[in-house]
> 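Pasting a structure here, questions to come.
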Amino acid sequence: MRLVDHVIAGGTAGLSQGRRGAVMDPNNGCQQAEVVLGASDALERAVAAAKAAQPAWAATNPQRRARVMFAFKHLIETNMDDLALMLSQEHGKVIADAKGDIQRGLEVVEFVCGVPHLQKGEYTQGAGPGIDVFSMRQPIGIGAGITPFNFPAMIPLWMGAVALAVGNAFILKPSERNPSVPNRIAELWSEAGLPDGVFQVVHGDKEMVDAILDHPAIGAVSFVGSSDIANYVYQRGAAAGKRVQAMGGAKNHGIVMPDADLDQVVNDLCGAAFGSAGERCMALPVVVPVGEETAERLREKLVPAIHALKVGISTDPEAQYGPVVTAQHKASIERWIQTAVDEGSELVIDGRGYLLQGHEQGYFMGPTLLDHVRPDMSSYHNEIFGPVLQIVRACDFEEALALPSQHQYGNGVAIFTRNGHAAREFANRVHVGMVGINVPIPVPVAYHSFGGWKRSGYGDTDQYGLDGIRFWTRAKKVTARWPDGGSDGSNAFVIPTLG
Ligand code: NAD
């Protein structure tokens with residue numbers, strides 16, 4: 001059985017003892033690898049290597065660090081096909097989505113190729129008589145990233161690329177469900193010329209996460225995952241004196257105004273609700289038609305479009321989405337569908353019990369559509385994270401606006417309309433972090449920043465963009481005075497001495 005080991009100090013760790021986890025192939029339900037589930041001994045080795053390597057990396061001038069970023073970007077591009085296949089076979093998303101996963105991470109690498117400019121400080125000449133003030137942005141030292149299963153390339157690159165570019169050593173603890181792409185990323189960083197010990201991967205579960213949160217040498221932790229764990233990581237990391245940002249779960253709404261282009265909306269919803277089997281934090285699992293007539297017209301167009309979706313193995317070029325990640329996750333989604341029915345939703349299309357011929361043991365699910373979902377239902381309140389779309393009908397704009405605003409999550413939201421005033425009003429007033437106007441999945445580009453509100457994001461800073469640069473650096477502020485030495489030197493500045 002293939003073993004996925006830690007990557008420490010430029011090589012695999014070779015720690016043969018300890019717990020192991022199974023890495024499954026969601027297409028057929030078979031185990032395809034084993035991953036080491038490490039603990040503090042592995043982390044200590046990684047921290048020691050990081051401590052040894054980081055000062056020289058931080059002292060490397062920014063244009064040289066940028067050259068490593070350029071080389072890495074090129075390597076990701078040339079290895080795109082192999083990486084996408086590896087990712088798709090462990091995650092279950094189709095190849096086009098796997099390439100999208102890598103591409104969105106690559107764009108953050110492109111962003112940090114400009115690190116000499118991004119890391120510049122500020123300068124004020126003459127803040128007082130003979131006094132200048134300037135600031136510099138210095139790396140934290142050693143940072144860690146803890147990432148979820150659903151974007152095994154993009155999220156490690158969101159964090160890692162920025163952390164490294166500004167001069168940190170970075171230790172990644174990826175999801176134990178699909179650990180191979182992170183290891184391949186570590187190899188590509190080495191090939192790009194990053195010194196050993198600057199980017200490392202430690203594998204594990206809660207035990208490794210706790211070791212990271214408690215380690216005194218790790219100064220900053222970036223987390224992405226579900227909200228309860230995000231909150232836990234935020235609290236425990238902050239209590240240990242670390243800088244922490246922790247992105248959590250989501251339940252994004254798509255508001256459909258009566259004047260929206262419904263053909264476009266249906267097309268967008270099919271991609272945003274069911275693409276990647278709904279396992280995206282920016283998926284659109286709730287649609288809110290405004291007015292009964294809009295709801296009826298939308299449903300009429302939506303039902304045949306959902307029936308036409310093609311589910312297949314992740315390497316099938318015709319498939320629009322593949323299996324969900326694990327058997328446990330499939331069972332959880334099925335339980336939520338039953339809960340929704342028990343709570344009184346109308347099950348319009350039932351995706352349970354879907355069998356793909358020749359792949360009966362794979363974790364496939366057909367698409368599910370639920371109508372007449374109400375805000376008081378637990379299936380609405382909670383994240384299902386599967387190929388399930390819920391229709392919540394709203395009477396008017398104000399009721400539609402209140403739904404995402406009052407929901408416990410506040411990651412993304414979209415409004416579909418031809419009315420600029422309604423769109424503007426919505427974007428201004430909605431209590432959610434990322435807003436799409438006729439854009440179903442409004443993930444900000446790499447030079448803006450990504451982050452949700454409420455239980456979708458704990459901490460003060462977002463991922464990547466300028467917020468990423470701020471998170472992974474500390475500002476030092478210097479106030480300097482250089483007294484006039486006088487033309488004859490009589491007034492020369494003398495360093496005061498004691499005694
Ligand atoms: P998860 O919370 O189960 O796992 C995330 C990470 O936490 C993993 O590395 C895992 O090993 C670790 N972990 C799991 N249980 C832990 C525990 N008890 N204590 C400490 N660490 C623990 O999330 P997941 O299922 O891998 O990913 C899906 C979730 O991530 C969804 O909720 C999704 O919305 C969210 N997500 C959010 C964003 C965002 O930016 N807001 C992006 C992607 C995914």
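Computed from a prediction, not measured in an experiment: that's the story for all the values here. Whatever order the structure lists them in is the order used to number ligands and atoms, beginning at 1.
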> Below 3.5 angstrom, do we get any N/O pair linking Arg177 and ligand 1?
yes
> Between Ser175 and Arg177, is there a donor-acceptor pair closer than 3.5 Å when you use the side chain of the first and the backbone of the second?
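Side chain of Ser175 to backbone of Arg177: a pair is present.
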> At a 4.0 Å threshold, what atoms of ligand 1 neighbour a non-hydrogen atom of Glu176?
10 (C), 11 (O)
> Taking everything shown except Gln361 itself, do over 12 heavy atoms lie less than 6.0 Å from its CD?
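No, because the 6.0 Å sphere around CD of Gln361 holds 12 heavy atoms or fewer from other groups.
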> Look at atom CZ of Arg424 and say whether more than 12 heavy atoms of other residues, nucleotides or ligands are closer to it than 6.0 Å.
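No, CZ of Arg424 has 12 or fewer neighbouring heavy atoms, counting only those of other groups under 6.0 Å.
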> Which ligand 1 atoms are under 4.0 Å away from a heavy-atom of Gly249?
32 (O), 34 (O)
> Judged by atom type as modelled, is there a donor-acceptor pair below 3.5 Å linking the side chain of Glu279 to the main-chain atoms of Val325?
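A pair under 3.5 Å: yes.
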> Among all protein heavy atoms, pick out the one at the shortest distance from atom 15 (N) of ligand 1; state its residue, atom name and that distance to 0.1 Å.
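Heavy-atom neighbour on the protein nearest atom 15 (N) of ligand 1: Ile229 CD1, 3.6 Å.
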> Mind checking whether Thr147 contacts ligand 1 via backbone (N, CA, C, O), side chain (CB onward), both or neither, at a 4.0 Å heavy-atom cut-off?
backbone
> What distance separates Ser227 OG from Tyr234 OH, expressed to the nearest 0.5 Å?
14.0 Å
> What I want to know is whether Gly248 and ligand 1 share at least one N or O pair that is separated by under 3.5 angstrom.
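Yes.
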> For atom 35 (C) of ligand 1, find the nearest protein heavy atom and state the residue, atom name and distance (0.1 Å precision).
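Sorting protein heavy atoms by distance from atom 35 (C) of ligand 1 puts Gly225 O, 3.1 Å first.
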> Under 6.0 Å between ring centres, would you say that holds for Phe151 and Trp158?
no
> I'd like the name of whichever of Phe223, Trp158, Phe149 reaches closest to atom 26 (O) of ligand 1 through any heavy atom.
Phe149
> Judging by distance only, is a nitrogen or oxygen of Cys281 under 3.5 angstrom from one on ligand 1?
no
> Around atom 43 (C) of ligand 1, find the nearest protein heavy atom and jot down its residue, atom name and distance.
Asn150 OD1, 3.3 Å
> If we count only non-hydrogen protein atoms and require a distance under 4.0 Å, does atom 4 (O) of ligand 1 qualify as touching the protein?
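Protein heavy atoms within 4.0 Å of atom 4 (O) of ligand 1 - there are none.
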> So, 4.0 Å and heavy atoms of Phe385: is ligand 1 close enough to count as a contact?
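The answer is yes: ligand 1 sits under 4.0 Å from a heavy atom of Phe385.
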> For ligand 1, does Gln463 get within less than 4.0 Å through its side chain, its backbone, both, or neither, judged by non-hydrogen atoms?
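It is neither; nothing of Gln463 touches ligand 1.
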> Taking 4.0 angstrom as the limit, do Lys310 and Asp316 come out as a salt bridge?
yes
> Do any N or O atoms from the side chain of Tyr409 and from the backbone of Gly248 form a donor-acceptor pair under 3.5 angstrom?
no
> Looking only at protein heavy atoms, which one is nearest to atom 2 (O) of ligand 1, and how far off is it?
Ser226 OG, 2.6 Å
> Checking a contact table here: which protein heavy atom is nearest atom 19 (N) of ligand 1, and how many Å away?
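Its nearest protein heavy-atom neighbour is Lys206 CG, 3.4 Å.
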> Could you go through Phe111 and His448, starting from their C-alpha distance and side-chain angles, then the distance that decides it, and tell me whether this counts as ring pair (Phe, Tyr, Trp, His ring centres under 6.0 Å)?
CA-CA 10 Å; Phe111 169 69; His448 286 260; 9.8 Å; no
> Would a distance-only check, ignoring hydrogens and angles, find a side-chain to backbone donor-acceptor pair under 3.5 Å from Lys242 to Gly143?
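No, because the side chain of Lys242 does not come within donor-acceptor range (under 3.5 Å) of the backbone of Gly143.
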> Below 4.0 Å, non-hydrogen atoms only: which portion of Phe450 touches ligand 1? Side chain, backbone, both or neither.
side chain
> Note the single closest protein heavy atom to atom 27 (O) of ligand 1, along with its residue, its atom name and the distance in Å.
Pro148 CB, 3.2 Å
> Applying the side chain to side chain donor-acceptor pair (under 3.5 Å) criterion to Lys251, which one of Gln390, His407, Gln408 satisfies it?
Gln390
> State the atoms of ligand 1, each with its element, that fall below the 4.0 Å cut-off from a heavy-atom position in Val209.
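Answer, ordered by atom number: 20 (C), 21 (N).
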> Please confirm whether Ile155 comes under 4.0 Å of ligand 1, counting heavy atoms of the residue only.
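A heavy atom of Ile155 does come that close to ligand 1.
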> Checking contacts here: is it the side chain or the backbone of Arg280 that comes within 4.0 Å of ligand 1, counting heavy atoms only? Could be both or neither.
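For Arg280, no heavy atom sits under 4.0 Å from ligand 1.
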> Sort and list the pairs that fulfil salt bridge (Lys or Arg N to Asp or Glu O under 4.0 Å) and have at least one residue in residues 437-448, not counting sequence neighbours.
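Applying salt bridge (Lys or Arg N to Asp or Glu O under 4.0 Å) to every pair that reaches into residues 437-448, excluding sequence neighbours, yields nothing.
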> Would you say Asp205 and ligand 1 have an N/O pair spaced under 3.5 Å apart?
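Looking only at distances, the answer is no, because the N/O contact criterion of under 3.5 Å is not met.
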> For the side chain to side chain contact (heavy atoms under 4.5 Å, CB included) test, which of Val162, Leu157, Leu164, Val166 pairs with Val112?
Val162
> Is a side-chain donor or acceptor of Lys173 paired with a backbone partner of Val202 at a separation under 3.5 angstrom?
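Pair absent, no side-chain N/O of Lys173 close to backbone of Val202.
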> In terms of atom number and element, which parts of ligand 1 are under 4.0 angstrom from non-hydrogen atoms of Val224?
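Going through ligand 1 atom by atom, the ones under 4.0 Å from Val224 are 5 (C), 36 (N), 37 (C), 38 (C), 39 (C), 40 (O), 42 (C), 43 (C), 44 (C).
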> Closer than 4.0 Å to some heavy atom of Glu383 - which atoms of ligand 1 meet that?
31 (C), 32 (O), 33 (C), 34 (O)
